[in-house]
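Each residue takes its place number in the sequence, starting with 1. Being a predicted model, the structure only gives us computed values, none of them experimental.
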Amino acid sequence: SGRNILLNGEPIILKGIAGYLDSECGNFPQTPAAVERMLDTIEDLNCNFVRAGHVPPSKALLDACDRRGLLVWAEVPAYWQPKVHYGAQRLRALAMLESMIRSGRNSASVILWSIGNECFYHDPENSQSNISYFMEAADRCRELDPSRLVTYTGGFEGAGNPHLEKICPKSLVDRLDVIGINSYSGQEDGADPGVEPEFDKHWDKLRAAAEYGKPVIIAEIGIDAVLGEEGFDYGEARQAEYYRKTMDLFHQAVAEGVLQGLIPFTLSDFKTPIKMGHFQAGYNRKGIQTADGKSKMAYQVVKEGYGRKM
């Protein structure tokens, strides 16, 4: 209803966390026992919402969230795929979307179907666009399940980008119920004393997105850290301070009515072959806990931020 997300007719603010499907590392694992352990952690964080990205959630996860009353963002893996509108990729993405909806639409915990992550582009001046997939996917969601909200999340740059129509055009927004934003502004703040801090650029994106008059969720936000690292690069204290600012932003933006949900990325570190730097060592280190579940300083910051009265 307008900018509000309603649950049983009442506005709700979504206090979320994102995970990555990696059963070894503890992010949205498949076995029921591992799912229950993970959801214990998520509830300890004072969350009411989980983003199961970037692949469809397992039955074990949905069943457990149904029992606990945790809300779920379910997503098809149209992720970093700029050619998702091409024949084979499009058909596969739509087939996975249909399978996800048919298997999950009877789960009370699911509130959002996401049609993709960070792969939308639209440049009509150069006849380059994959918008056809997203328009078709949004329509297909409503055909299969008219009771749920539809979203997409990516690099919405808002007022800070002169090419807004290339990143989140109104033609796509009109088909969405909820606008997702992946926003990592301020990650480099403090690295160079001569450069102005950029954390406040989150506000440019939020206020521009809110102008569409629909609910807005920050679907990804965060910064890397290594447990026990005391230096600036990948330091625990730096990550914790980033999340202190994030939680203040969350509460202020909710009070202003321009934000309806927050999803830090991510719950736990996870293995990835594209992160091979000295500190990364084959892991994405944006977790607020390690891959084996040891809390970083930011864990308590997020827990306390979500525990504060809205």
Side-chain angles (χ1 to χ4, degrees), residues 1-20 27-28 38-39 41-54 57 61-62 64-75 104 107-117 141 145 147-154 156 173 176-184 202-203 205-207 209-210 212-222 243 246-267 288 298-299 301-310:
S1 176
R3 290 182 184 170
N4 291 319
I5 295 173
L6 306 181
L7 180 68
N8 297 326
E10 297 294 329
I12 185 172
I13 299 301
L14 300 172
K15 303 175 183 181
I17 193 75
Y20 205 83
N27 284 278
F28 296 115
M38 182 198 66
L39 293 182
T41 300
I42 288 174
E43 288 187 331
D44 181 66
L45 281 169
N46 295 311
C47 293
N48 60 8
F49 179 49
V50 294
R51 179 185 174 196
H54 304 295
L61 176 64
L62 294 184
C65 288
D66 285 350
R67 290 192 300 272
R68 293 172 181 249
L70 287 169
L71 306 174
V72 175
W73 164 311
E75 186 167 295
S107 293
S109 54
V110 176
I111 62 167
L112 282 160
W113 300 122
S114 174
I115 57 178
N117 175 82
C141 282
D145 183 8
S147 69
R148 296 316 204 292
L149 304 177
V150 178
T151 191
Y152 164 79
T153 189
F156 188 105
V173 172
L176 302 177
D177 299 302
V178 175
I179 299 171
I181 303 174
N182 293 355
S183 186
Y184 289 99
H202 292 297
W203 283 106
K205 304 170 191 179
L206 284 175
R207 290 181 175 132
Y212 283 116
K214 296 189 176 188
V216 177
I217 295 174
I218 294 181
E220 288 188 26
I221 191 170
Y243 273 112
T246 297
M247 288 297 151
D248 288 343
L249 168 80
F250 175 52
H251 282 263
Q252 185 178 344
V254 167
E256 290 188 17
V258 297
L259 184 62
Q260 285 68 47
L262 178 72
I263 310 174
F265 189 89
T266 175
L267 175 62
I288 58 173
Y299 182 99
V301 175
V302 172
K303 178 178 178 176
E304 291 176 359
Y306 278 159
R308 282 161 52 188
K309 186 176 180 181
M310 301 300 296

Euclidean distance, [Y] [atom2] relative to [X] [atom1], rounded to 0.5 Å:
{"X": "Asp177", "Y": "Leu112", "atom1": "CG", "atom2": "CG", "result": "8.0 Å"}
{"X": "Trp73", "Y": "Leu149", "atom1": "CH2", "atom2": "CG", "result": "10.5 Å"}
{"X": "Ile42", "Y": "Lys15", "atom1": "CD1", "atom2": "NZ", "result": "15.0 Å"}
{"X": "Ile181", "Y": "Thr151", "atom1": "CD1", "atom2": "OG1", "result": "10.0 Å"}
{"X": "Asn4", "Y": "Ile12", "atom1": "CG", "atom2": "CD1", "result": "11.5 Å"}

Are the side chains of [Y] and [X] in contact, using a 4.5 Å heavy-atom criterion?
{"X": "Phe250", "Y": "Ile218", "result": "no"}
{"X": "Met38", "Y": "Leu61", "result": "yes"}
{"X": "Thr153", "Y": "Ile263", "result": "no"}
{"X": "Ile5", "Y": "Pro11", "result": "no"}
{"X": "Ile115", "Y": "Cys141", "result": "yes"}

Exercise for review: Kindly write out the residues that satisfy side-chain hydrogen bond (donor to acceptor under 3.5 Å, both in side chains) with Ser147, not counting sequence neighbours, or none if the list is empty.
Suggested key: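 With neighbours one apart ignored, the set is Asp145.
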**Study point:** With sequence neighbours excluded, residues passing side-chain hydrogen bond (donor to acceptor under 3.5 Å, both in side chains) with Ser109
**Key:**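 Checked Ser109 against side-chain hydrogen bond (donor to acceptor under 3.5 Å, both in side chains); matches are Asp66.
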Where [X] and [Y] come nearest, the two heavy atoms and their spacing:
{"X": "Gly116", "Y": "Tyr152", "result": "O-CD1, 3.1 Å"}
{"X": "Pro57", "Y": "Glu75", "result": "CD-N, 4.5 Å"}
{"X": "Phe265", "Y": "His54", "result": "CE1-NE2, 4.1 Å"}
{"X": "Ile288", "Y": "Tyr299", "result": "O-CB, 3.5 Å"}
{"X": "Ala298", "Y": "Tyr243", "result": "CB-CD1, 3.7 Å"}
{"X": "Lys214", "Y": "Val173", "result": "NZ-O, 2.7 Å"}

Please list, one pair per line, the donor and acceptor atoms closer than 3.5 Å that link side chains of residues 301-310 to other protein atoms, with sequence neighbours excluded.
residue : atom : partner : partner atom : Å
Lys303  : NZ   : Asp44   : OD1          : 3.1
Glu304  : OE2  : Gln300  : NE2          : 3.2
Tyr306  : OH   : Gly16   : N            : 3.1
Tyr306  : OH   : Gly16   : O            : 2.7
Tyr306  : OH   : Leu262  : O            : 3.1
Arg308  : NH1  : Asp248  : OD1          : 3.2

**Study point:** Worked verdict on Gln260 versus Val216 for side chain to side chain contact (heavy atoms under 4.5 Å, CB included)
**Key:** CA-CA 6 Å; Gln260 285 68 47; Val216 177; 4.1 Å; yes
Practice item. Can you sort out the partners of Ile111 under side chain to side chain contact (heavy atoms under 4.5 Å, CB included), two or more places apart, ordered by chain and number? Key: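 Here the qualifying residues are Leu14, Phe49, Leu71.
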Practice item. Please list, chain by chain and in numerical order, all residues satisfying side chain to side chain contact (heavy atoms under 4.5 Å, CB included) with Arg68, sequence neighbours excluded. Key: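 Per chain and number, Arg68 pairs via side chain to side chain contact (heavy atoms under 4.5 Å, CB included) with Glu36, Leu39, Asp40, Glu43, Leu70.
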Practice item. Quick one: list whatever passes salt bridge (Lys or Arg N to Asp or Glu O under 4.0 Å) with Arg3, sequence neighbours left out. Key: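 Scan of Arg3 (salt bridge (Lys or Arg N to Asp or Glu O under 4.0 Å), adjacent residues dropped) gives none.
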Exercise for review: Kindly determine whether Ile17 and Val50 satisfy side chain to side chain contact (heavy atoms under 4.5 Å, CB included), including the steps that lead there.
Suggested key: CA-CA 5 Å; Ile17 193 75; Val50 294; 4.2 Å; yes
Practice item. Output, in order, the C-alpha distance, side-chain angles, deciding distance and verdict of side chain to side chain contact (heavy atoms under 4.5 Å, CB included) for Arg51 and Asn117. Key: CA-CA 12 Å; Arg51 179 185 174 196; Asn117 175 82; 2.8 Å; yes
**Study point:** side chain to side chain contact (heavy atoms under 4.5 Å, CB included) between Glu256 and Leu206, intermediate numbers included
**Key:** CA-CA 11 Å; Glu256 290 188 17; Leu206 284 175; over 6 Å; no
